[in-house]
Amino acid sequence: PLATDRRALGVLSVKLGETDLSLAQRHLLETFASQAALVLDGMELRAAAAQASLIAESERLGRTLLNSISHELRTPLAASTSAASALADAPSPEVRRALLAELQEANARLNRIVGNLLDVARLEAGHVRPRLDWHEAGDLVQATVRDLQRELKDHPLSLDLAPDPSLVWVDGSLLQHALANLLWNAAVHTPAGTPLIVTTKLADREFVIGVADRGPGIPGEVLPHIFEKF
């Protein structure tokens with residue numbers, strides 16, 4: 001038997017010839033069996049430890065996801081609920097218009113958060129395939145900025161675009177989505193009234209789109225993890 005203190009892991013079968021094993025040979029064979037059992041037991045323990053680590057990491061990510069979603073969803077939901085409650089008792093058309101604008105802004109933010117979560121799920125499932133085509137980079141930037149007018153209303157926006165028409169081979173929809181998220185993050189995490197700058201330029205045969213702001217910046221210790229979820 002290939003046995004350890006925990007349990008028997010299997011049986012070692014030896015086919016002998018015409019002669020029986022000597023006592024020394026039998027002891028040697030039992031030593032081999034004991035060593036094999038220890039190796040198998042170690043492999044099993046390592047596999048169990050790896051599985052436990054994977055489960056713990058999944059639980060940690062699940063908690064982080066839940067906390068992140070709860071935090072991100074609570075803000076627009078609270079704003080939407082508050083505006084909707086106050087709308088019924090609004091004393092004037094001007095107040096109603098302001099409350100409706102607040103309600104629309106909260107719903108737009110909520111829609112963007114849910115859309116990003118769905119996109120993450122689609123990306124991880126392998127359901128997103130880039131649809132590449134030629135696009136004029138300046139048009140993509142300006143279209144994105146137009147779509148974010150409400151979100152960027154508190155930040156002066158400056159566009160420093162390449163002077164010549166710049167055709168880029170990209171998935172226009174995905175590029176606009178990435179740029180919109182950058183601009184939205186900049187608007188959320190920088191003080192109101194501070195400027196945002198979008199630049200486009202050709203550098204070393206690559207087309208670069210940049211977003212700059214006057215916020216506190218990203219701490220250096222966080223930068224290596226910037227593309228990790230949550």
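We count residues from 1, following the sequence as given. Because only heavy atoms are used, hydrogens play no part in the values below, and waters and symmetry mates are left out as well, while side chains stay in.
Under the 4.5 Å side-chain contact rule for hydrophobic residues, Ile209 and Ile197 do not share a cluster. Cluster membership for Leu179 and Val208, using ILVMFWY side-chain heavy atoms within less than 4.5 angstrom, is not shared. Linking ILVMFWY side-chain heavy atoms closer than 4.5 Å, directly or via other members, places Val188 and Val198 in two distinct hydrophobic clusters. Transitive grouping of hydrophobic side chains (ILVMFWY, heavy atoms separated by less than 4.5 Å) brings Val145 and Phe207 into a common cluster. Linking ILVMFWY side-chain heavy atoms closer than 4.5 Å, directly or via other members, places Leu202 and Leu175 in a single hydrophobic cluster.
Within 6.0 Å of atom CD in Glu94, more than 12 heavy atoms from other residues, nucleotides or ligands are found, so the atom counts as buried in its surroundings. Few gaps surround NZ on Lys153; more than 12 heavy atoms of other groups in view lie less than 6.0 Å from it. Counting heavy-atom neighbours within 6.0 Å of Arg26 CZ, excluding the residue itself, gives a total of 12 or less.
Between Ala79 and Ala106 the shortest heavy-atom distance is CB-CB, 4.0 Å. The minimum heavy-atom distance linking Ser80 with Asn107 is given by the pair OG-OD1, 3.4 Å. Of all non-hydrogen atoms in Thr194 and Pro191, the two that sit nearest each other are OG1-O, 2.6 Å. Pairing each heavy atom of Ala187 with each of Leu196, the nearest pair is N-CD1, 4.5 Å. Across all their heavy atoms, Thr190 and Gly215 have their closest contact at CG2-CA, 3.5 Å. Closest approach of Leu132 to Trp169, counting heavy atoms only: CD1-NE1, 3.5 Å.
Atom CG in Asn111 sits 13.0 Å away from atom CD in Gln104 (nearest 0.5 Å). Considering CG of Asp147 and CD of Gln142, their distance stands at 12.0 Å, rounded to 0.5 Å. To the nearest 0.5 Å, atoms CD (Gln176) and CG (Leu140) are separated by 5.0 Å. Atom CG of Asp41 and atom CG of Leu9 lie 5.5 Å apart (nearest 0.5 Å). To the nearest 0.5 Å, the span separating CG on Leu167 from NE2 on His135 amounts to 10.0 Å. How far CG of Leu38 is from CG of Leu2: 10.0 Å, rounded to the nearest 0.5 Å.
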For this session: Before giving the answer on side-chain contact (heavy atoms from CB on, under 4.5 Å), spell out for Leu148 and Leu157 the whole-Å C-alpha distance, their side-chain angles and the decisive distance to 0.1 Å.
Result: CA-CA 11 Å; Leu148 291 174; Leu157 182 66; over 6 Å; no
Exercise. Step by step, would you call Val128 with Leu174 a side-chain contact (heavy atoms from CB on, under 4.5 Å)?
Worked result: CA-CA 10 Å; Val128 176; Leu174 291 179; 4.1 Å; yes
Problem set entry | Residues Leu12, Leu29; criterion side-chain contact (heavy atoms from CB on, under 4.5 Å); working and verdict | CA-CA 9 Å; Leu12 175 63; Leu29 184 58; 3.9 Å; yes
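Scored by the side-chain hydrogen bond (donor to acceptor under 3.5 Å, both in side chains) test, Thr200 finds no partners at all (sequence neighbours excluded).
Ser82 places no side-chain N or O within 3.5 Å of a backbone atom of Ala78 that could act as its donor or acceptor partner. Of the possible polar contacts, none joining the His189 side chain to the Trp184 backbone as a donor-acceptor pair under 3.5 Å is found. Checking side-chain atoms of Asp171 against main-chain N and O of Arg131 turns up a donor-acceptor pair under 3.5 Å.
Residues Leu45 and Arg6 form a side-chain contact, since some pair of their non-hydrogen atoms from C-beta on lies under 4.5 Å apart.
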